[in-house]
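Along the sequence shown, residues carry numbers from 1. Only heavy atoms go into these numbers, but all of them, side chains included; no hydrogens, no water, no symmetry mates. In each ligand, atom 1 is the first atom listed, and ligand 1 is the first ligand listed.
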Amino acid sequence: MNERNDYHMDPETFRRRGREVVDWIADYMERIETFPVRSNVAPGEIRARLPAEPPETGEPFEAVLRDLDEIILPGITHWQSPNFFAYWPANSSGPAVLGELLSAGLAVQGMSWETSPACTELEIHVLDWMLDMLGLPERFHSSSAGGGVIQDTASSATLCALLAARERATDFVTDRKGCDRSLVAYGSTQAHSSVEKAVRIAGLGSEQLRLIDVDDQYAMDASALERGIETDLDAGLTPCFVTATVGTTSSGAIDPVRAIGEIAKRHRVWLHVDAAMSGTAAICPEFRSVHDGVELADSYCVNPHKWMFTNFDCDLFYVADRATLVRTLSVLPEYLRNRATESGVVIDYRDWHIPLGRRFRALKLWLVIRHYGIEGLRHHVRRHVELARMFTGWVEADRDFELAAPVPLNLVCFRHRGGDTINQAIIDRVNDSGKLFLTHTRLGDWFVLRLAIGQTHTEQRHVQAAWDAIRAAAAEVASE
Ligand SMILES: *Cc1c(COP(=O)(O)O)cnc(C)c1O
């Protein structure tokens, strides 16, 4: 038996170490531009530097911070770098990080209203605020038949939407007896991969997902959707779910939500609007048209963890009819029964998503909204779109490059006119340089470069430097 009776970190030590950690993070923010944006380590390199065995006895805190610098940082791809233009952003901010810390400090588990009333009520409240901020319909408001909830990711939100759609279409028989082969779901060929994942998990099977053609702007062809639904109906199948995407991951295309919604309504198909990335734009009145037709949706999701300065994870999921969602997901064992739940006047968020337990995520969103105000959020979103338009102008004016898709908001898809091999060489060269990080997609037959502008601290000088580096890489590639 050891002699100590307490191995914990006492509050005084926590206070001291906590300050060091906050200092470490602030230093990281200050020096972030000095790191190569994309980590260049080889597979296994980080693990090789970690001890094979966990420590038998506790180690000093300094040792952990030292390893953070020496072992972990080289294996970090710096998502918060202003020179990060890859994928979609997963941006963050000071208030978000502090909100996350407070959430960890309170460490409540908000599965039911009773398990921390403030965790549930702040979430309801902030989600109602966000409806107004994004110009979303009243039917998603907590005072209506609908409501909103924070999910970890858009993938989970889409899965929950599909599960509710499946139950609505089968009168809740599938929840009891499992899925038959008749249910069909729809999305465009550009819909996010999470739609296919959801279709598999929900038991429909990926063969039951119809990928609908897009138009020359990469937006869903609504008439092709209607033909698809009619063909399936004629075959005796049951269309139950369609996803419309506001800001496709590949090119930022915006599906015609209103037209899709009208078709969905006619055929009693659940419409889910996946606005994971681009929904945030609606905070600016001039971009609110991205939400045209959303009042026809049965559900909707947007990720503040992409473009609203709220660190991962934070997805907002809204439904027009919460009773269907809750009935789909609710299982109430004896050990979770309590008076508040029985009274029916509270929301128990455990019935609104897949896991039972849940973190206090509303806190970080609340801090972000209160720090920036609507005005501050608008300012930065607007600025990102302006920078994307500026970059678009440079591409259009350069005779070696061309745009590969329209630029509705903050993603520029472009390519060198010299063909796929050159574009691949350009991207490898700029990413290897560490100066910036870009990713690619395929549009039609072409390998296309994607430049997404949404990092919290990205300014014109970063976008200008990115363009200079891309052109320099193109010149080098051409001269080889
Ligand atoms: C990023 C993205 C997703 C997936 O987001 P997660 O929150 O990581 O699951 C889904 N749909 C679209 C349109 C996206 O851009």
Side-chain angles (χ1 to χ4, degrees), residues 77 79 84-92 96 130 134 148-163 185-202 209 211-212 214 217-220 241-257 260 271-282 287 290-291 294 297 299-318 353-355 358-359 361 364-365 381 384 388 405 407-413 439-441 443 450-455:
T77 290
W79 282 73
F84 184 100
F85 300 103
Y87 310 107
W88 282 132
N91 68 19
S92 180
M130 285 293 300
L134 299 178
V149 61
I150 303 182
Q151 301 251 344
D152 51 4
T153 60
S155 303
S156 297
T158 299
L159 173 58
C160 289
L162 175 59
L163 294 171
Y186 307 81
S188 85
T189 56
Q190 304 293 304
H192 191 263
S193 55
S194 55
V195 178
E196 178 168 350
K197 202 187 247 188
V199 165
R200 291 189 200 173
I201 297 171
L209 173 63
L211 296 181
I212 304 298
V214 290
Q217 319 258 298
Y218 303 101
M220 187 192 285
F241 178 82
V242 59
T243 301
T245 311
V246 172
T248 60
T249 317
S250 192
S251 75
I254 296 171
D255 285 343
V257 175
I260 294 169
L271 170 61
H272 176 61
V273 174
D274 175 1
M277 173 64 202
S278 297
T280 297
F287 305 135
V290 300
H291 282 160
V294 165
S299 57
Y300 168 94
C301 72
V302 60
N303 284 358
H305 73 227
K306 277 184 168 155
W307 195 15
M308 221 187 86
F309 317 106
T310 308
N311 64 295
F312 191 88
D313 52 352
C314 184
D315 165 271
L316 313 186
F317 176 52
Y318 291 98
H353 65 166
I354 309 286
R358 56 203 327 277
R359 315 195 304 113
R361 295 192 191 89
K364 63 186 172 188
L365 188 57
V381 165
H384 289 151
V407 182
L409 295 163
N410 61 338
L411 173 68
V412 187
C413 291
T439 49
H440 79 279
T441 187
L443 291 173
R450 288 170 82 266
L451 182 106
I453 301 178
Q455 267 322 312

Nitrogen or oxygen contacts under 3.5 Å, ligand 1 side and protein side:
residue: ligand 1; atom: 7 (O); partner: Ala154; partner atom: N; Å: 2.7
residue: ligand 1; atom: 7 (O); partner: Asn303; partner atom: ND2; Å: 2.9
residue: ligand 1; atom: 7 (O); partner: His305; partner atom: NE2; Å: 3.4
residue: ligand 1; atom: 9 (O); partner: Ala154; partner atom: N; Å: 3.4
residue: ligand 1; atom: 9 (O); partner: Ser155; partner atom: N; Å: 2.9
residue: ligand 1; atom: 9 (O); partner: Ser155; partner atom: OG; Å: 2.5
residue: ligand 1; atom: 11 (N); partner: Asp274; partner atom: OD1; Å: 3.3
residue: ligand 1; atom: 11 (N); partner: Asp274; partner atom: OD2; Å: 2.6
residue: ligand 1; atom: 15 (O); partner: Trp88; partner atom: NE1; Å: 2.9
residue: ligand 1; atom: 15 (O); partner: Thr249; partner atom: OG1; Å: 3.3
residue: ligand 1; atom: 15 (O); partner: Lys306; partner atom: NZ; Å: 2.8

(Q) To check you understand the geometry: which heavy-atom pair defines the closest contact between Val294 and Val257, and what is its length? (A) N-CG1, 4.0 Å
**Q.** By ring pair (Phe, Tyr, Trp, His ring centres under 6.0 Å) - contacts of Trp88 (at least two apart)
**A.** none
Q. Val381 and Met308: side chain to side chain contact (heavy atoms under 4.5 Å, CB included), yes or no, with the steps?
A. CA-CA 8 Å; Val381 165; Met308 221 187 86; 5.7 Å; no
Q.
By the salt bridge (Lys or Arg N to Asp or Glu O under 4.0 Å) test, which pairs, at least two apart or in different chains, include something from residues 242-257?
A. none
Under 3.5 Å, side-chain donor or acceptor atoms of residues 272-282 against the rest of the protein: list the pairs with distances, not counting sequence neighbours.
residue: His272; atom: ND1; partner: Ser299; partner atom: OG; Å: 2.8
residue: His272; atom: NE2; partner: Thr158; partner atom: OG1; Å: 3.2
residue: Asp274; atom: OD1; partner: Ala276; partner atom: N; Å: 3.1

Q. Charged N to carboxylate O below 4.0 Å: is that the case for Asp313 and Arg359?
A. yes
